[in-house]
Amino acid sequence: MNSTTTRGENVAKRGVPAHFLPHVQGLRAIAVLLVVIYHFEPGRLTGGYIGVDVFFVISGFLITQQLSRELERTDRIKLPSFWAKRVRRLLPAALLVLAFSTVATLTIMPLSALAENLKEILASTFYVENWALAANSVDYLAASGDASLVQHYWSLSLEEQFYVVWPILLLGASFFGVKRLAAKYGDRGRWNAMIALVVIATVVSFVLSVIATNNDPASAYFVTYTRVWEFGVGALLALIPRLRPTRGWFVNVLGYAGVLAILVAGFTYDRNTPFPGYAALVPVLGTAAVIVSHRSERWFDIGRVLSTRIPRFFGDISYSLYLWHWPLIVIAPFIPGWGLSIYNRVILFVVAVVLAWLTKKFVEDPTRQATFWTVRRPRPRVTFAFMLAGMAVLTLLVSSVWVVQQPKYDAAASQLASTVADPPACFGAATGPWPAVTTAAGTGVLGPSGIAGIAEPSPSTNTSKPQQNAALAAPGATPQQAAGATVVDDGVACPTPSLADTIIPSPGFGNADRPSNPECLVTLNDSGLFACHFGSTAVGAKRVALIGDSHAYALLAPFIQLANDNGWALTTYIKGGCPWNTETMPGVDAFSRSCNAWRDNLTAELASVQPYDVVFTAALADATAPGTSADGKALAAGFSGAWKEVTSKGTPVVTMVDNPAWADDPNKCLRISDAADCTEPRADGLVADPPVALAAQASIAAGQNITLLDFSNMFCTATDCAAVIGGANVYRDPDHLTNTFATTLSPFLKAALVGAMTPATSP
């Protein structure tokens with residue numbers, strides 16, 4: 001008795017169909033782990049998204065194999081029975097995770113995520129999530145901070161659409177073959193017709209995929225017709241047995257080559273890879289090669305390796321693991337006390353695996369194998385009744401959450417919109433203290449109207465106005481001064497008692513209060529230099545450039561406002577995580593290479609364009625690289641080197657000391673505590689001896705025209721940094737400013753830019 005027969009008997013004893021292919025479970029394991037690891041660490045496995053393509057090929061193969069067996073055995077396909085089995089297999093676990101996501105939207109997620117999450121939960125309930133995302137032109141491969149809890153249901157929606165349409169098409173082709181081709185081909189007429197249908201559908205879909213990927217890549221990623229060909233490749237394997245090799249050595253070569261192709265795509269593809277299109281051929285054909293390579297007689301046979309315990313385990317829970325992992329990733333950043341360090345990610349992965357195993361054991365298997373279905377064999381309409389009831393209950397749950405939260409959502413959104421349109425007096429940064437400013441002329445304090453000059457001595461104190469401002473800006477400022485009492489041009493204090501209990505945007509909206517124009521932020525592994533242009537197009541307009549990483553992007557709104565109000569021509573060069581610096585970013589990973597390439601592209605651009613009238617730059621401060629460290633000194637030298645690229649051509653540079661970074665998103669604290677209780681120690685939030693400040697001092701000493709702004713004493717008192725300043729919610733995450741607070745910096749940014757652009761005059 002050979003091993004194949006033994007395996008067949010064993011799986012039969014366990015209640016598994018004799019046509020079950022164990023190595024396909026191992027292939028499922030590869031697919032789901034690619035997707036899960038990609039979502040946990042997109043920078044490490046940049047092409048892990050191709051795991052869903054592996055699933056599509058597997059589904060095309062298994063479903064077509066099942067349908068063709070039924071046709072061969074009974075000459076027909078019982079469509080209601082087929083669909084009922086799919087419902088029992090897939091719907092219970094899917095509805096469970098959707099219900100969990102609905103409750104999480106109510107209890108954990110910020111208020112700003114309400115509408116998007118509930119809308120997509122409903123779209124996922126009725127399996128049209130892929131079309132909903134396509135209609136919104138969502139870029140699945142972008143590093144989006146506002147992804148919904150159920151965005152990953154797009155692939156499940158697409159598969160369900162395939163399950164609905166595919167058996168109808170095969171049944172139609174079978175009927176055509178029997179009626180029209182039987183006279184010429186006999187019984188082969190049916191199969192020839194089905195094969196012809198699959199070939200035509202596959203070729204047409206592939207052509208449409210290539211065209212759509214070139215013309216509208218965001219939508220092409222989701223829509224059904226660009227993915228049908230992937231199912232079609234699997235279907236051809238089921239319909240044409242001759243495509244399956246039998247020679248032992250060739251089976252293994254083909255199988256291992258297929259696994260290698262999948263892994264190469266997973267590790268080398270990234271968000272810049274045009275996908276699906278031609279690029280999807282690699283994982284799709286690799287998957288096809290593995291499917292047909294099922295030989296498992298010897299320990300090293302590809303089929304045996306993929307059928308071992310660990311791959312089989314992850315293959316068995318792959319569906320539930322795919323369902324659970326993404327909501328956990330999205331929810332985690334909003335849980336107080338929880339971060340996304342490597343340790344947190346490992347814990348989250350383990351939690352996802354445990355939940356997937358529990359769901360498989362207590363939801364998937366019971367609903368599929370219960371005696372109610374296997375012994376009594378009720379009519380399919382009973383299954384459909386359960387399906388409609390489940391969908392109705394979930395719809396009612398979603399509607400209830402919307403009814404409860406919608407008034408709060410509308411109130412917070414209205415408050416934010418009205419505040420941005422007409423901010424109250426002494427709001428946000430206007431409450432001070434004013435920032436310190438360092439130029440070639442020395443160090444002083446920058447007010448909304450410019451650097452405070454030497455005023456006539458005060459009759460009572462004989463202290464100049466700049467000295468008064470400097471006193472307020474000193475680290476030893478009193479809590480009252482730091483909380484909102486500073487000196488403005490006429491010497492009148494600016495208290496904010498009316499904003500004492502105000503937080504705008506509300507903690508529920510703080511995370512969503514980001515700049516518009518996301519296309520201006522180059523992210524992840526993209527090295528392309530994308531320039532955005534705002535403001536005046538007049539030939540003689542002052543030309544302003546905003547350069548830096550995501551902390552420069554956080555200032556985009558006030559810069560656009562200043563450009564529009566003052567007739568400036570604004571150009572931005574911004575890449576997330578990649579500050580403007582000549583120090584080579586270490587590492588050989590894809591992001592480091594892309595950052596270094598982007599900087600080279602920026603250098604070439606700045607050398608080729610007309611010199612700007614002023615350049616403003618900002619960058620995230622690295623807490624691990626204070627100015628006293630070797631890395632900090634290298635960063636400082638790199639900043640100076642970058643600025644010299646433009647100051648040598650007569651362009652002044654304005655830069656700023658970075659805002660404090662928090663250990664956790666302060667909005668989590670603000671949602672459950674008073675603003676006064678949501679603080680961070682100054683020593684933890686601010687980087688000691690910031691390299692950008694050391695670079696400014698060295699560059700000024702070398703004769704470069706540099707202006708350094710330091711808002712540290714606006715953000716922090718002598719001991720603590722605040723999450724709310726003058727009624728404004730300062731942060732949208734642990735280190736990025738809200739759009740609202742950034743806009744309140746406009747007067748200070750304008751004063752610094754105008755001062756830098758104004759030629760110095762002799763006394």
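In this chain, residues are counted from 1 in sequence order.
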Could you verify whether a donor N or O on one side chain and an acceptor N or O on the other, from [X] and [Y], lie under 3.5 Å apart?
{"X": "Asn729", "Y": "Thr738", "value": "no"}
{"X": "Gln697", "Y": "Thr438", "value": "no"}
{"X": "Asp710", "Y": "Ser712", "value": "yes"}
{"X": "Asp733", "Y": "Asn511", "value": "no"}
{"X": "Thr617", "Y": "Thr655", "value": "no"}

Practice task
Please name all residues satisfying salt bridge (Lys or Arg N to Asp or Glu O under 4.0 Å) with Arg44, sequence neighbours left out, ordered by chain then number.
Solution key: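 Expected list: Glu41.
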Handout entry: Separation between CG of Leu446 and OG1 of Thr707, rounded to the nearest 0.5 Å
Key =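 Result: 9.0 Å between the selected atoms.
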Handout entry: Derivation and outcome, side-chain contact (heavy atoms from CB on, under 4.5 Å), residues Arg682 and Thr719
Key = CA-CA 5 Å; Arg682 179 185 178 109; Thr719 56; 5.8 Å; no
Practice task
Quick one: sort the Trp643 and Phe639 rings into parallel, tilted or perpendicular, breaks at 30° and 60°.
Solution key: parallel
Problem - Parallel, tilted or perpendicular: rings of Phe741 and Phe715 (30°, 60°) - result: tilted
Exercise for the section: Assess whether side-chain contact (heavy atoms from CB on, under 4.5 Å) is satisfied between Thr572 and Phe559, documenting all intermediate values. Expected result: CA-CA 10 Å; Thr572 67; Phe559 269 85; over 6 Å; no
Problem - Partner residues of Gln704 under the side chain to side chain donor-acceptor pair (under 3.5 Å) criterion, sequence neighbours left out - result: Thr647
